[in-house]
Amino acid sequence: SINAAFEWYLQAARQGYVPAQFAVAQSYATGKGVARNLSEAVKWYLLSLAHGNENSLNSLGYLYYSDAYHPSSSNKIFSDFISCANQGERGCLFALSKMYYKGIGVDKNNIQAFALAKAAMYQEGYHNDDDFLNQNFEDHYSYLQDKIQSVLTTAQQKIAEKLQKEYNKKYDLFHNG
């Protein structure tokens with residue numbers, strides 16, 4: 001059963017097995033095999049990350065974006081998210097977007113926030129807003145539209161869209177060319 005699998009992963013994670021630490025974090029984050037507990041998920045993601053599992057940083061990016069993770073050092077996590085985003089990780093792109101929007105660990109910049117959020121949205125092939133909505137990412141889309149785009153002028157939106165295209169190239173976000 002999935003509950004029994006979680007217990008085995010937990011035992012291995014406690015003994016320092018990094019893939020199990022990540023699996024435990026995922027289980028806590030999703031509530032599969034154990035009650036959902038975002039604090040425990042963050043704890044295990046951070047432990048897994050400390051042992052070199054870069055996937056943990058991407059997962060932390062998603063938790064940060066959804067307000068479930070509040071790092072103690074915003075400057076350090078900003079640089080970590082930059083490194084992660086440089087690998088094209090979508091969760092880190094969304095997290096950076098939020099950091100720019102709120103001015104956490106970096107100067108507030110709504111153009112950067114909008115461009116990064118759009119680039120993240122397009123990464124997995126969501127080339128138009130309908131595709132994106134159909135993938136059950138309404139919360140991200142709503143954040144993008146309501147929180148960021150609403151504070152940009154038309155000229156700023158055009159600058160952000162140009163920047164987004166640069167990010168698409170930089171992070172190789174259009175996998176099909």
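Both backbone and side-chain heavy atoms feed into the values below; hydrogens, waters and symmetry mates do not.
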Self-check item: Y9 OH: over 12 foreign heavy atoms closer than 6.0 Å
Solution: no
Quiz item: What distance do K102 atom NZ and S97 atom OG have between them, rounded to the nearest 0.5 Å?
Solution: 11.0 Å
Quiz item: What class does the angle between the rings of Y28 and F6 fall in, given that below 30° is parallel, 30 to 60° is tilted and above 60° is perpendicular?
Solution: perpendicular
Exercise. Starting at CZ of F114, measure out to CG of L152 and round the result to the nearest 0.5 Å.
Key: 6.5 Å
Quiz item: Would you call E40-K43 a salt bridge at under 4.0 Å N-O?
Solution: yes
Quiz prompt | Distance in Å, Q21 CD paired with L10 CG, rounded so as to fall on 0.5 Å steps | solution = 10.5 Å
Exercise. Would you mind reporting whether S59 and F22 have side-chain heavy atoms less than 4.5 Å apart?
Key: yes
Quiz prompt | Gap separating the CD atom of Q26 from the OH atom of Y45, nearest 0.5 angstrom | solution = 3.0 Å
Quiz item: When hydrophobic residues are tied together by side-chain contacts of less than 4.5 Å, even through go-betweens, does V42 share a cluster with V24?
Solution: no
Self-check item: Neighbour count above 12 (heavy atom, 6.0 Å) for N3 CG
Solution: yes
Quiz prompt | Donor-acceptor pair, side chain of Q156 and main chain of T153, under 3.5 angstrom | solution = yes
Quiz prompt | S27 side-chain N/O to A23 backbone N/O, donor-acceptor pair under 3.5 Å | solution = yes
Quiz prompt | Single-linkage hydrophobic cluster Y17~V34, side-chain heavy atoms < 4.5 angstrom | solution = no
Quiz item: Say you draw a straight line from CD of E166 to NZ of K162; how long is it, rounded to the nearest 0.5 Å?
Solution: 6.0 Å
Quiz item: Is it true that L57 and M99 fall in one hydrophobic cluster, defined by side-chain heavy atoms closer than 4.5 Å?
Solution: yes
Exercise. Could you tell me whether K108 sits above the aromatic face of Y101, with NZ or CZ closer than 6.0 angstrom to the six-membered ring centre and within 45 degrees of the axis?
Key: yes
Quiz item: How many angstroms lie between atom CD1 of I2 and atom OG1 of T30, to the nearest 0.5 angstrom?
Solution: 7.0 Å
Practice problem: Please step through side chain to side chain contact (heavy atoms under 4.5 Å, CB included) for the pair N109 and I111, ending with a clear verdict. | Solution: CA-CA 6 Å; N109 186 324; I111 293 172; 3.5 Å; yes
Exercise. Would you name the heavy atoms of A20 and A12 that are closest together and state the gap between them?
Key: CB-CB, 3.6 Å
Quiz item: Should L60 and V106 be regarded as members of a common hydrophobic cluster, given that ILVMFWY residues are connected when their side-chain heavy atoms come within less than 4.5 Å of each other, either directly or indirectly?
Solution: yes
Exercise. Identify whether L163 and L116 are in the same connected component of the hydrophobic contact network (ILVMFWY, side-chain heavy atoms under 4.5 Å).
Key: yes
